[in-house]
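These notes concern the structure reproduced below.
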Amino acid sequence: MKAPRGAADVLPPTSDLYEGVIRTSEDLFRLYGYRRIETPVFEHTEVFERGLDEASAMVTKEMYTFLDRSGRSMTLRPEGTAPVVRAVIEHHLDREGLPVKLYYTAPMFRYERPQAGRRRQHTQVGVEAVGSEAPEVDAEVVALASAVFRQVGLAQVRLLLNSVGHSGCRSVYLPKLIEFLEGYGQELCTDCRRKTGANPLRTFDCKVEKDREILSGAPLITDYLCGSCADHLDAVQGLLTSCGVTFIVEPRLVRGLDYYTRTAFEFQAAGLGAQNAVGGGGRYDGLAELLGGGRVPGIGFGLGVERIAEAIETQGAQRAGALDVFIVSVGEDTRRGAFSLAMQLRGEGISCDLDFSGRPVKGQFKAADRLGAARVVVIGERELAEGRYTVRDMSSGEETPVAADELFSYLRGKR
Ligand code: HAM
């Protein structure tokens, strides 16, 4: 039997990499004052139908929707924002000090055609700051996502920033865009002709070269922003620049979800091919109302853990070893000493593993390598008698004798 198409088992060492990305993200989220929220893996289907727009591709084609045993329509969460806003309204979190700052690490389910970088189950780390329209919140959210990429060691990531305005700006802009698209009639691909009627902004996502050329002359939303949306975008840009976040303003950036208002952004990583978005987000000032709440603005992002891990591998970013130490014991009589040293190291917070099956030294070094150990501590009879260990750095191969009573501080300093 096999795992379902588009859903994968995550095994070591890939799972180490995922864990590293998740840990780094969550540590940063907490550093910025966000707290964890967990919502159910499935929701009443209305949460997504109303939140993401019933006519959108995600709702009509990509949701895992089923009737439960009492005939209620349920949907496996395709994205994290609508459930979080649903929870904020349900538990009246919007009555407390605002914004409410929440983060999550959660699996998402989308019935998409699987391809490199696109799965039917993927994991997002994300944040939502609900209850404020202040551009400082936008800047904080975007800067936080940038910090995640920097911290996991991804150097080649570009940040695209746009404002899609509020509904008023779009009601002026969209007729202009439709008029432009209709002017090209049959010259556009069938998909773009269909989108012209259904969701004209999405034509900017078209990958057909000829259409892209036509679209390069299309009217841009940024030219149709009302005064307050334009000021908001200006403020966000100024704040990002002042905290050293580099970005490219891309007025053709449209995101795959329909709830966005004003700020929209996406991070794209080099070396990933067509599915190069490693994260994205934006403001959703109308979403709470769609879900039956009051007017509660919000902004957040979701980052794709699998794509970030893939980018780390293709960009050859440095990654931390999965294990601090592997203990290699030489000779039968040292096994007990190795076991007790392992327990002591773990007690000191140094991650550690050792051989349990009496393998020869060479086999133990191989195991250390396979487990991604940063260092090997060798215990032989001589080492035990002389009260010192040999510590080998697994990346440089360098060996250092370390006195037994200095081992913990030596290893701690090296972590
Ligand atoms: P999204 O752009 O649909 O946004 O997804 C966020 C990230 O999840 C993407 O940039 C990508 O890295 C990853 N991702 C999406 N679909 C797949 C897939 N099929 N396979 C692998 N990775 C995938 C959202 O979901 C919004 N809820 C983000 C947000 C939060 N906006 C505001 N707050």
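In this chain, numbering begins with 1 at the start of the sequence shown. Being a predicted model, the structure only gives us computed values, none of them experimental. Values reported hereafter were calculated over all heavy atoms of this structure, with side chains retained and with hydrogens, waters and symmetry mates removed.
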Over 12 foreign heavy atoms within 6.0 Å of [atom1], [X]:
{"X": "Arg95", "atom1": "CZ", "answer": "no"}
{"X": "Arg359", "atom1": "CZ", "answer": "yes"}
{"X": "Glu383", "atom1": "CD", "answer": "yes"}
{"X": "Arg113", "atom1": "CZ", "answer": "no"}
{"X": "Glu399", "atom1": "CD", "answer": "yes"}
{"X": "Gln344", "atom1": "CD", "answer": "yes"}

Straight-line distance of [X] [atom1] to [Y] [atom2], nearest 0.5 Å:
{"X": "Lys362", "Y": "Lys366", "atom1": "NZ", "atom2": "NZ", "result": "5.5 Å"}
{"X": "Leu98", "Y": "Leu93", "atom1": "CG", "atom2": "CG", "result": "9.5 Å"}
{"X": "Arg262", "Y": "Cys169", "atom1": "CZ", "atom2": "SG", "result": "7.5 Å"}
{"X": "Ile37", "Y": "Leu102", "atom1": "CD1", "atom2": "CG", "result": "5.0 Å"}
{"X": "Leu17", "Y": "Ile22", "atom1": "CG", "atom2": "CD1", "result": "10.0 Å"}
{"X": "Arg212", "Y": "Asp205", "atom1": "CZ", "atom2": "CG", "result": "8.5 Å"}

Evaluate the side-chain proximity of [Y] to [X]: yes if any heavy-atom separation is below 4.5 Å, no if none is.
{"X": "Thr75", "Y": "Glu43", "answer": "no"}
{"X": "Val127", "Y": "Tyr32", "answer": "no"}
{"X": "Thr196", "Y": "Ile178", "answer": "yes"}
{"X": "Leu341", "Y": "Leu407", "answer": "yes"}
{"X": "Leu240", "Y": "Leu161", "answer": "yes"}
{"X": "Phe247", "Y": "Thr241", "answer": "yes"}
{"X": "Leu174", "Y": "Leu201", "answer": "yes"}
{"X": "Gln275", "Y": "Glu306", "answer": "no"}

Derivation and outcome, side chain to side chain contact (heavy atoms under 4.5 Å, CB included), residues Asp94 and Val130:
CA-CA 7 Å; Asp94 55 320; Val130 183; 5.6 Å; no

Can you tell whether the side chains of Arg23 and Asp27 come within less than 4.0 Å, N to carboxylate O?
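No, Arg23 and Asp27 are not salt-bridged.
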
Are Arg202 and Asp258 ion-paired here, with the side-chain N under 4.0 Å from a carboxylate O?
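Yes.
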
Within the side chain of [X], is there an N or O that forms a donor-acceptor pair under 3.5 Å with the backbone of [Y]?
{"X": "Arg120", "Y": "Ala7", "value": "no"}
{"X": "Asp324", "Y": "Ser351", "value": "yes"}
{"X": "Thr314", "Y": "Glu310", "value": "yes"}
{"X": "Arg77", "Y": "Pro107", "value": "yes"}
{"X": "Asp355", "Y": "Gln364", "value": "no"}
{"X": "Arg72", "Y": "His44", "value": "no"}
{"X": "Glu79", "Y": "Thr81", "value": "yes"}
{"X": "Gln315", "Y": "Gln156", "value": "yes"}
{"X": "Arg346", "Y": "Cys352", "value": "yes"}
{"X": "Glu266", "Y": "Arg255", "value": "no"}

Under the side chain to side chain contact (heavy atoms under 4.5 Å, CB included) criterion, do Leu239 and Val142 qualify, and how do the steps go?
CA-CA 10 Å; Leu239 288 158; Val142 176; over 6 Å; no

Just checking, is any N or O donor in the side chain of Arg119 or His122 under 3.5 Å from an acceptor N or O on the other one?
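Absent: no donor and acceptor within the cut-off.
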
May I ask you to check whether Gln268 and Arg158 show a side-chain donor-acceptor distance below 3.5 Å?
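Side-chain D/A pair, Gln268 to Arg158: present.
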
Show your working on side chain to side chain contact (heavy atoms under 4.5 Å, CB included) between Arg392 and Val328 and close with a plain yes or no.
CA-CA 10 Å; Arg392 180 196 283 210; Val328 167; over 6 Å; no

In a check of side-chain contact (heavy atoms from CB on, under 4.5 Å) between Glu250 and each of Leu159, Thr222, Asn162, Leu160, which one passes?
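When Leu159, Thr222, Asn162, Leu160 are each tested with Glu250, the side-chain contact (heavy atoms from CB on, under 4.5 Å) holds only for Leu160.
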
Quick one: ring pair (Phe, Tyr, Trp, His ring centres under 6.0 Å) pairs with a partner in residues 132-173, sequence neighbours left out?
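Qualifying pairs, neighbours excluded: Phe149-Phe267, Tyr173-Tyr224.
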
Tell me which pairs pass ring pair (Phe, Tyr, Trp, His ring centres under 6.0 Å) where either residue lies in residues 50-71, with sequence neighbours left out.
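Pairs touching residues 50-71 that pass the test: Tyr64-Tyr111.
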
Partners meeting ring pair (Phe, Tyr, Trp, His ring centres under 6.0 Å) with [X] (sequence neighbours left out):
{"X": "Phe109", "result": "none"}
{"X": "Phe48", "result": "none"}
{"X": "Phe42", "result": "none"}

Atom of [X], atom of [Y] and distance for their closest heavy-atom approach:
{"X": "Pro83", "Y": "Thr39", "answer": "CB-OG1, 3.7 Å"}
{"X": "Lys176", "Y": "Val172", "answer": "CG-O, 3.5 Å"}
{"X": "Val164", "Y": "Ala264", "answer": "CG1-CB, 4.4 Å"}
{"X": "Glu46", "Y": "Ser73", "answer": "OE1-O, 4.5 Å"}
{"X": "Pro114", "Y": "Arg5", "answer": "CD-NH2, 3.4 Å"}
{"X": "Leu188", "Y": "Leu181", "answer": "CD1-O, 3.5 Å"}

Does the ring centre of Tyr103 sit less than 6.0 Å away from the ring centre of Phe29?
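Phe29 vs Tyr103: aromatic centres under 6.0 Å.
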
Salt bridge (Lys or Arg N to Asp or Glu O under 4.0 Å) partners of residues 146-155, not counting sequence neighbours, each pair once
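Sorted pair list comes back empty.
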
Please report the C-alpha distance between Val296 and Ile89 in whole Å, then the side-chain angles of each, then the deciding distance to 0.1 Å, and finally whether the side chain to side chain contact (heavy atoms under 4.5 Å, CB included) criterion is met.
CA-CA 9 Å; Val296 188; Ile89 299 167; 5.7 Å; no

